[in-house]
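Following: one structure in C-alpha cells, then a few remarks.
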Amino acid sequence: MNWDTWLPLLIVLSSLLVALVIFVLPEDRSKTRTTLNLGGAALKIVLVGIMVWGVFNGHHYETRLPLLPGLDLVLRADALSMLFVALSAGLWMLTTVYAVGYLEDSPHRSRFFGFFSLCVTATVGVALAGNLITFLLFYELLTLATYPLIVHRGTEAARKAGRTYLIYTLAGGALLLLATIWLYTLTGTLEFTARGFLSTLDSSHHPVLVIIFVLLITGLGVKAAIFPLHGWLPQAMVAPAPVSALLHAVAVVKAGAFGIIRVVYDVFGIEFSASLGVTLPLAIVAAVTIIYASMRALFQDDLKRRLAFSTVSQVSYIILGIAIVGPMATIGGMVHLVHQGVMKITLFFCAGNLAETLGIHKISEMNGVGRRMPWTMAAFTIGAFGMIGAPPLAGFISKWYLGLGALEAGQDWVIFVLAGSSLLNAGYFLPILYVSWFKEPAGSWPAERCFGRYETALALLAPPVITAILALTLGLLASAPFSPLEWARFITTLEYAP
Amino acid sequence: MIEMHWVVIVILLPLTGAVVCFLWPRQTVVSGLITAVGLFASVLGLTWQVLEQGALRYAVGGWGAPLGIDLYVDGLSLLMLIVTAVVGLAISVYSSAYFRLDRAKHFWPLWLFLWAALNALFLSADIFNIYVTLELMGLAAVALVALSGGANALTAAMRYLLVSLLGSLFYLMGVALLYHSYGSVDIAILSQRVESSPAVWVAIGLMVAGLLLKTALFPLHFWLPPAHSSAPAPVSALLSALVVKASFYILLRLWLEVFPLTNTVPGQFALGQFGLAQILGLLGAAAVLWGGIQALRQTRLKLLVAYSTVLQIGYLFLAFPLASIIGWKAALYLLLAHAVAKTAMFMAAGNILFYGGHDRIADLDRVAQRLPLTLSAFGLAGISLMGLPPSGGFIAKWLLLEAAIRSGQWWWGLMLIVGGLLTGAYVFKVIGYAFTRSDLPHEPGFVPKRMEWVALVMALLAIVLGLFAPLPLALLEIGSPFGESLR
Amino acid sequence: MNDVLLLDFLMTLLLLFVPGLPLLLAFPALHSRLPWFRYLALLPAVIAVAIPEAHSVELPWLLFGSELGIENSSRLLLAMSVFLWFWVMVLLPAARDRSEGRPEDKYSTVFFLLAMTGNFGAILAMDLVAFFVFSTLLGYSFYGLLVSGRKNKARRAGRVYLVLLILADLLLFEVLLITVLTTENLEFAAVHQSMAQSDSLTLYLALVVFAFAARAGIWPLHFWLPLAYRSTRPAVALLLGIPVVIGLLGIVRWLPLGEISSPELGLIIFGSGLVAMLFAIFAGLKMAQLKMLPAYAAILVTGLFFTAVGAGLADPVIWSHYGRFAYVFIASLGSGLAVLVFAISWLQVRRDYPARSAGYADDSNQWVERWSGLVVVWAGNTGFDTLPRWRVWWLAKMRHLWLLIRIWQRQMGVYERSLQRWGLAITLFLLLAITITFVMASAGLSSSI
Amino acid sequence: MSYIFLYALVGMGLFTLGLYALIIHAHLLRKILAINIMGSGVFLVLVALAARTEGAAPDPVPHAMVITGIVVAVSATALALALMLRVRSETGRAELDEEPLSKFDD
C-alpha cells in the first residue's frame, strides 16, 4: 500500500466511516458515540498534520478512482486544499466537543452525529477534490448532509428553513452541474491546475466561457451566500447552535467560497479570468453583498440572525479578495477563509451558550449578560472585534491584505467598501458588547439552567474560549511559520509565479 | 468444460418455479425464494459467459429462424437481464415478508411468470416473439395489480389490461406490416433489409405508438399512476422498475436496429426519423414537467412515487433526439439507476403504509424517528432520482447532459435539470413531513426488519452505482448494440 | 561576550514585559489570585525607566514583524506614564474579593490593565503597526473605562469617544496601507524617509493628523473630552491625559517632521491650533464646573502643540529648533493634566465636605478627625473604598501626633484657601507659564543656533 | 393481388372500428369486445399479407403467428372477463371510474 496514494482517501474516510458506524449505533450508546466522534476527529487532525507537512516539503498526495470513462474521482492535496482541510479538521474537533455538550440528553443524537460527520466528510472532500466533478460530488453531498441537521428540531420553522435551504442549494447545484459538463465538453478535462487550464482555448470560445463562469459562480454563490442568493442562510439559523457554527464557519458557506477560489484560480486562472473581464463584476457583487448584508445585520434583534447576516457579509470578503486581481488581495481572501472561520465559529458558539444556558436568543435580552457569563462574553468580544478588523486580531490581518491588494491593483474603491464595512460591523457588534457588559441585568434570564462549577457546561465553554484564543493568536502570530498567512503566501507564489 | 445453456435456463427456471409455486401453495414462499436466488445466480452465470464469449446467439432446440425461436444476448439485453435479476431478487425477499399466505400463493406464481416473460422478452431475437412475451408480461402484470383486491385496484387493473392489450395490438399490426414488406421478423435480418417505404413508416408509427402507450410516455401515461399506486408495494416496485422498462427496451431495440434509416438513406427519410426523435424528445420533456408537477401536487405517497415514474420515463426519451452513443448509454444507465432506486422507493413507501396504515404525506408523523432505515432508503433513492452525486442517477444525468451539450442541443439538458429540481422538491416534501409530528398521531404497526433492510440495500445500491459506473458502461459495449458510426 | 548576550536577553525580556505583564495580568483568572498585582504590572516599566540603556527588540513573528524599543525620549514618556499609573493604581479599590466587588470594579481593573498595556506598548513601539495596535488597544479599553461607570453622561462621553476612535482607526488603517505600498519597512525612521519622497505624502500627512487629532481630542474633534472630564470617576479622570498624550505622540512619531515641507497643510494646522487655543480660553471662561477645567486646559495646550506642528510642517527649519522638546512637552502635558485633576478634585472635596459629611463633623471638633475625614471622603470619591476602615486605625494611632499634624494642616489650610480663591487663575497661569517657557526656550535655542 | 389487398383493408377497417368502439363505450364488456375486434383485424391483415407474391403458395409463417396470437387473445379475453366480473362485484357496475384518483382505499 502506497501511503502517498491513500492518504487523501484516508482523511475522507476518517469521518465517513465514523458517520456510518454512528448511524447504526443505538441511541443510548452515547459513550461509544462520543469516543468514536472524538477519535475520528483526532485521527483526522493527525492525518492532516502529516499531510500539511508533506505538502510543504513537496510531497504529492493523490487518490484516483475511476468514476466515468475518462473522468476520475480525484482527491489531491495541494497547498490551497490544505488550507481548507486544516481548518475543517481543526474546527470539527472543537465543534464535536461542543455538540456533545450541547446535545446532551436530547433525542436523535445518533442521527445528528451521523450527519454531522457526514457533513465534515463532504467538506473535507470539497477541500481535497482534485477536479471539478469530484468537487461537485462532495458539494452536493454537503447539501444533503446538512439538510437533516437544519431540520433536526423537527419544528415547522425548521422544516421551512430546510425547504428554503434546499430550494437554493439544489438549484445552485444544478447550475453548477450544467456548467461543469459544458466545460467538460469544451476541454475534455476538469482537473484543477494551478493558473487554470482554459487559457489555451481558442478565443472564439470566450463568450461561452464567460457564460460558464457566470453559471459556476452563481451555482457556488448560493452556498457562499452572495447577494442576492443569500436568503437561505438567515433562515437556516433555526438549526441547533453547533450546526450553525459549523455551517457558517466551515462547511457550507466556506465550501461555496472555496469553490469560487478554485474556479477562479485553478479552472480559469486568475490572469485569464481578468482578461475575460469577469473579475470586476464579481468584485462589485461581493462589495454589494458586504455592504448590503451589514446593513441588514444592523436591524436584526435575533442574535443568530444578526450573526448570519454578518456571515453573509464576511464571506464576501473572501470573494472580494479573489476578484481583486493581485497577489496581495489573494493572500487576503485566502487567509480570511481561515480567519473568518475561526472568528465566526467563536461567535456562534457563544450565541449557542447564551441560548443553552440562559435561554437568550435576542440581543434585547442580553443586558448585563457579561456578568453572568464572563468567559463566554469575553470570547464573543474577541470574535466581534476580530470581525470589525481591530488589531491585532485575525480579522485585521485579512483586512490588511485586502486593502493592500486593492491599492496594489489600483482598485481604490475597495478601500471605501472595507472602511464602510468596518464601520457597519462596529455598528452592529459594539452595541451587543455594550449591553452585555455595561447594562444592568433585567432581573431573571429567560430560561436559566445551572451547570455547576463554571458559568456553563465545560464542553460548551472550552470550544469558544479556544477559538477566541486562536483568533487572537492567528492575528498576533500571523508571521509565524505555518500560520494561515504564511500558507496563503505560499499558495499565492504558486498561483502567480511567472 | 460443460457448456451451460444459461440463456435457456434464465427463461425456464422461473417458469418451472412458477409452476411449482402454483402446485404446492404451502411451500410457495420457499420455492419462490429458491427460484429467485437460482435465477440470480443463473444471470450471473450468463453474464460471465457473455463476458467470456461476447454476444451470443442461441437457436432454441436447434431449429433456427424463421420457424424456430432464436435467442440473442448482447450488452444491452444482458444489462436488462441483470437489472431484472437484481430488482427481482430484492422484490422476492421483500415479498416474502410482505404478503400473508393467502395472497402469497397468488403472488408467487404470477411474479415468477412475469419474470420469465421479462427474461424471454429481453432475450428474444425476433419481433414476433417480443410480441408474445410482451403480452405474457402484460397479463401477468395486470393480474398482479388486481392482487390487492378493492375497487380501486380492480379498476386500475382493468384499465391497465385494456391499455396493455391495445398497445400490443398496435405493435402486432406493425409487426404484420414489417413482415409483409421484408418477409422476416428476425431483428438482425430486418436491420439489413429495412429501407424507407410508406409501409415501413406506417409500421414504425404503429409500433412506436403501441410501445409508447405501454411505456406510459406523456400523454399516454394516464393508466400508470392508478395502476402503480393501487397495487401492493412489491408489485408497484416491479411494475415501475421492470415492466415499463421492458417496452422501452423494445422501442430502443427497434430504434437502434430495425429503424436506423438515418444511416442507410440520407435525405428525406432521415429527416423523418430526426423529426420523430424530436417529437419523442418533446414528449419526454413534457413528461418531465407534467410528472414532476403532478408528483408535487399529490397528497398520497404512492401516487407521488408513481408520478415520479412518469417523470423518469420522460428522461429516458430525452436520449432520442441526441442520437449518440453517450446518449443511449446515459438512457440505459438511467434505466438501471431508476429501476433500483424506484424499487427502493416503492418499498419504502410500502413500509410506511405498512407501518401507519395509510400513506397521506401530510400525516407521516415522525417517520424519520420511527422508521429511520425506511426513511434513509427513501432519501437515498430520492438522491439517485434527483441525480445528485454520488449516485447512479447522477452518472446518467451527467452522461445525458454531456450528450446534450456535445450535440449542441443543450435545451434537452435544461429539461434534465428542471426535472432534477422537481424531483428534489417532491422528495424533500416527503422527507420534510417525516421529521415532524402530525396532527393525527396513529397507532404504529409492525414492519418486519427484512422489508426495511431490503429497501435500504436497494437504495444503497442506487448510490453505489454512482461509484462504479465504468463497469456497467463497459458491459453495454458487448456486441456494440449502439453501432459504431454514430459517435 | 556571554555577559553581553545575557544582558541583551534580559533587556529584551524586560521590554517584552513592559506591555506584556499588564496584558497577562489583565486576565481575571491571573490577577484575582495575586496580591499587589496592580503594582506588579507596573514593575517592569519602572525598571525600564530606571535602567538608562537604549535597547530595541525585533519581533518578526508578531503581526507583520514588529519592533519595540526604548531610548531617552520614550523613557521620559514612560516615566510620566508610570507616575500616572502609579497614582491610579493606588486609588483603585482592591477588588480582590469577588463576592463583594461590584462587577464594574472587576471590569475596571481589566480595562485599566489593558489601557496600561496599550499605553506602554505605544510608547515603546518602533514601527507603525505596533503603535497602531497598542494605541487601538488603549483606545478601546479607555472606552471601556469611560462606560464602565454607572453615570449616563460618562457613557455618552464614551460613545462619542468610541465613534471618533473608530473613525480614527479607519483612517490610520488607510494610512498604513498607503505606507506599505510605498515601503516594505514600517519602522518610523524608514517610513519618514520613504514617505518624504512619496507621491501620496499630502494624503498621508492629512490622514495622520486628522486621525490622531480625533484620538487626542484636539479641537474641533474635542467633544468627548469635556464630557468625559465632567462625568467620569476621578480615577479615570486622572487618566484622561493618556489618550491625549498618545495621540500627540502619534503625530510626532508618524509625521516626518523636519524632513519635509508642506506649507498649505502646515498653515491649516497652525490655524486650527490657534483657533483651538482661543476656543479653549473662551469656553474655559464660560464653563460652569470646575471639573471641566482640565478638559479646556488640554484643548488649549494641544492647540498650542498644533501650532507648533503646523509651523514645523510649513518649514522644517522651525521644527528642527524645537522638535527635540516635543517629547518633553508631551510628558509635561500628561503630568500637568494629572496634577490639575488632583488639585481640582481636592478643591471640590474641600468645598463640599461640610455639607456632605455631617457625621464626621459632629463627631469631633478635632482637626485630626476633620481632616482625616476629608481625606476619606476624597479618597472614597476617587475610588479608594478601603479608607473608612483605616480611619479608625488611623485615629487611634495618630492621636498623639495630632500637634504635628495640626501644623501641617494649618499650612495646608492656608494653601488650600488660596487655591480655592485663585484656583482657576492659578492653573491657567501655570499652564501658560509652561507654554511660555517652552516657546521661549525654543526661541532662545533657535537664536543661539 | 387486389382481393388480398381488400382483405388487408378490411382488417385495417376492423382495427380502426375496434379502436373507435374501445374509446367510445363505457361498459367494460363492450370494451373487451372492441379489443377482440381489433385483434381480429390484425389477424386478418396478417393472414392476408401472407400471400406476398401472386400465384405462389402463401407464406406459412404468418399463419403460425396468427394461431399464437389467437391463443394469446383468448387468454387475455378470459382474464379481462374475469376482471370485469370482479370490478362489477366491487363497484356495482361494469364501468371504469371516471375519477379514479379521488377515492382511495387504504
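Protein chains get the first letters and strands the later ones, always in sequence-line order, with residue 1 at the start of each.
Side-chain atoms of B/E452 and B/T374 include a donor-acceptor pair closer than 3.5 Å.
Counting heavy-atom pairs under 4.5 Å between each of B/P390, B/P389, B/G424, B/A474 and chain A puts B/P389 at the top. Chain B forms more heavy-atom pairs under 4.5 Å with one residue of A/L73, A/L67, A/I167 than with any other, namely A/L67. Between chain A and the options B/L467, B/L399, B/L388, B/L416, heavy-atom pairs under 4.5 Å are most frequent for B/L388. Considering only heavy-atom pairs separated by less than 4.5 Å from chain B, the leading option among A/K160, A/E140, A/R159, A/R153 is A/R159. Contact tally against chain A (heavy-atom pairs below 4.5 Å) for B/L414, B/I431, B/L473, B/I395: the top residue is B/I395. With chain B as partner, the option from A/T143, A/L170, A/L136, A/T185 having the largest number of non-hydrogen pairs under 4.5 angstrom is A/T185. Highest contact tally toward chain B, considering only A/L141, A/L144, A/L71, A/L186, is held by A/L144 [criterion: heavy-atom pairs under 4.5 Å].
With ring centers used as reference points, B/W328 lies under 6.0 Å from B/F320. In this structure, A/F23 has its ring center closer than 6.0 angstrom to the ring center of A/F115.
Only the side chain of A/Y147 comes within contact range of chain B, with at least one heavy atom under 4.5 Å from a heavy atom of that chain. Proximity to chain B (any heavy atom under 4.5 Å) is restricted, for A/R111, to the side chain, taken from C-beta onward. At a 4.5 Å heavy-atom cutoff, A/S110 makes no contact with chain B through either its backbone or its side chain. When heavy atoms are compared at a cutoff of 4.5 Å, A/L166 approaches chain B solely by way of its side chain, counted from C-beta outward. Using a 4.5 Å cut-off between heavy atoms, B/L401 contacts chain A through both its backbone and its side chain. Heavy-atom distances place the side chain of B/F394, and not its backbone, under 4.5 Å from chain A. With a threshold of 4.5 angstrom between heavy atoms, B/L373 does not approach chain A through any atom at all. Neither the backbone nor the side chain of B/L471 comes within contact range of chain A; no heavy atoms are under 4.5 Å apart.
For the pair B/I361/B/T299, no side-chain contact is recorded, criterion being any heavy-atom separation below 4.5 Å from C-beta on.
At least one test fails for A/K254 against the ring of A/F84: distance under 6.0 Å to the centre or angle within 45° of the axis. A cation-pi geometry, defined here as NZ or CZ lying under 6.0 Å from the six-membered ring centre and within 45° of its normal, holds between B/R406 and A/Y184.
With sequence neighbours left out, A/Y165 forms a side chain to side chain donor-acceptor pair (under 3.5 Å) with A/T146.
No donor-acceptor pair closer than 3.5 Å links the side chain of B/D359 to the backbone N or O of B/A349.
Using a cutoff of 4.0 Å between basic side-chain nitrogens and carboxylate oxygens, A/E191 and A/R64 are scored as salt-bridged.
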key: Steps toward side chain to side chain donor-acceptor pair (under 3.5 Å) verdict (B/W412, B/Q409)   = CA-CA 6 Å; B/W412 301 122; B/Q409 309 180 52; 2.9 Å; yes
